[in-house]
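Written below as structure tokens is the structure these notes are about.
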Amino acid sequence: MRSHILGTLALLASAGFMLSSCGGSSSAQSPFERLGGEAGIRKVVSDAVPCLATDPNIGIFFRGLSADSLERIQVCLTKQLCAAAGGPCTYPTTITYTSPVDGVQRTFTCRPMRAAHQGMVGPDGKGIANDDLDSFKACVQKSMQKNGVPDDLQQAVLNILESQRNDVVDDRNK
């Protein structure tokens, strides 16, 4: 189950934040800068997770998530958005993070989108469905709104999320 949870959160990382291809910003700043740098990106990511965990469609993938798993995922999501938005990060990558459970430094490999979602099975016995991705997008948008992300940048992120549908949604659900 934990691998399913990790994969679902990796959806946020891999699908949602390939902002470097968005272009068209009305500002001379990069998306990374407009999102508030790495600290601003982490805030958006951390604010999206509670919505994901309680959503009736995708919350099942988050049940039983430990604080350590949540931290790993949030660090991966932040790194991925940072890279995609034109920041100094790379993704996929191996990260070092400090566990909130025991304070020990650990390493973890943040995987590409398709690899992160292969084999995920929901309560219906199938993988991620179209409705799951739609719920995911809604949670990301709520977090961006809460954090004052401009509408044009929100739309760019949502468009990129949509462009990843084929890598995320299980073939049995198409």
Side-chain angles (χ1 to χ4, degrees), residues 1-22 31 34-36 40-85 91-92 108 110-174:
M1 182 64 157
R2 281 207 167 87
S3 66
H4 298 276
I5 293 165
L6 294 173
T8 299
L9 281 172
L11 165 66
L12 178 59
S14 298
F17 295 120
M18 306 224 172
L19 295 176
S20 60
S21 64
C22 294
R34 292 180 69 203
L35 287 165
I41 292 167
R42 181 163 175 91
K43 180 72 173 128
V44 168
V45 169
S46 66
D47 285 346
V49 171
C51 177
L52 296 169
T54 59
D55 183 88
N57 286 331
I58 58 177
I60 187 73
F61 295 109
F62 297 89
R63 289 196 184 117
L65 185 64
S66 71
D68 188 62
S69 294
L70 181 60
E71 181 63 19
R72 258 192 329 258
I73 291 163
Q74 288 183 359
V75 172
C76 285
L77 296 174
T78 300
K79 294 296 184 187
Q80 205 250 344
L81 176 55
C82 170
Y91 194 90
F108 180 78
C110 305
R111 300 180 294 156
M113 179 66 97
R114 188 171 292 275
H117 295 92
Q118 285 180 340
M120 289 183 65
V121 179
D124 61 359
K126 295 181 179 179
I128 295 173
N130 283 304
D131 288 350
D132 298 329
L133 183 59
D134 293 340
S135 293
F136 170 79
K137 288 170 52 179
C139 285
V140 172
Q141 185 168 29
K142 286 177 193 174
S143 177
M144 289 189 294
Q145 289 169 343
K146 176 181 176 183
N147 285 282
V149 174
D151 290 346
D152 66 320
L153 189 52
Q154 287 181 41
Q155 190 57 55
V157 171
L158 295 173
N159 289 344
I160 296 304
L161 284 169
E162 184 59 35
S163 75
Q164 297 295 313
R165 190 172 292 272
N166 286 335
D167 288 338
V168 176
V169 175
D170 189 287
D171 288 337
R172 297 172 290 182
N173 289 322
K174 291 180 181 172

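Predicted, not measured: the structure shown is a model, and the values here were computed from it.
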- Query: Mind checking whether Ile58 and Ile128 have side chains closer than 4.5 Å, heavy atoms only?
  - Reply: no

- Message: Would you compute the distance between atom CG of Asn57 and atom CG of Leu133 and round it to the nearest 0.5 angstrom?
- Response: 11.0 Å

- Message: Strictly by salt bridge (Lys or Arg N to Asp or Glu O under 4.0 Å), give each pair with a member in residues 50-61 just once, sequence neighbours left out.
- Response: none

- Message: Going by salt bridge (charged side-chain N to carboxylate O under 4.0 Å, His left out), name the residues that satisfy it together with Lys142, two or more places apart in sequence or in a different chain.
- Response: none

- Listed partners of Asp47 passing side-chain hydrogen bond (donor to acceptor under 3.5 Å, both in side chains), at least two apart: Lys43, Asn147

- Note on the structure: For Pro50, the side-chain contact (heavy atoms from CB on, under 4.5 Å) test, sequence neighbours excluded, returns none

- Any residue meeting side-chain hydrogen bond (donor to acceptor under 3.5 Å, both in side chains) with Gln155, in chain and number order, not counting sequence neighbours: Asn159

- Separation of Arg72 CZ from Phe108 CZ (nearest 0.5 Å): 5.0 Å

- Item | Residues that Gln118 engages under side-chain contact (heavy atoms from CB on, under 4.5 Å), provided they are two or more places apart | Arg114

- Task: Take Met113 and Val168, measure what side chain to side chain contact (heavy atoms under 4.5 Å, CB included) needs, and give me the verdict at the end.
- Result: CA-CA 7 Å; Met113 179 66 97; Val168 176; 3.4 Å; yes

- Is Asp167 close to His117 at the side-chain level, that is, under 4.5 Å between some pair of heavy atoms? no

- Note on the structure: d(Tyr91 OH, Cys82 SG) to nearest 0.5 Å is 12.5 Å

- Query: What distance separates Ser143 OG from Leu52 CG, expressed to the nearest 0.5 Å?
  - Reply: 9.0 Å

- So do Arg111 and Pro92 actually touch side chain to side chain, heavy atoms under 4.5 Å? no

- salt bridge (charged side-chain N to carboxylate O under 4.0 Å, His left out) filter on Asp131, not counting sequence neighbours, yields none

- Inter- and intrachain pairs under disulfide bond (SG atoms under 2.5 Å apart), touching residues 120-165, at least two apart: Cys51-Cys139

- Query: Does a side-chain N-to-carboxylate-O contact under 4.0 Å join Asp152 and Arg34?
  - Reply: yes

- Distance, nearest 0.5 Å, that separates CD of Gln164 from CZ of Phe136: 10.0 Å

- Item | Inter-residue atom distance Gln154.CD - Gln141.CD, 0.5 Å rounding | 5.0 Å

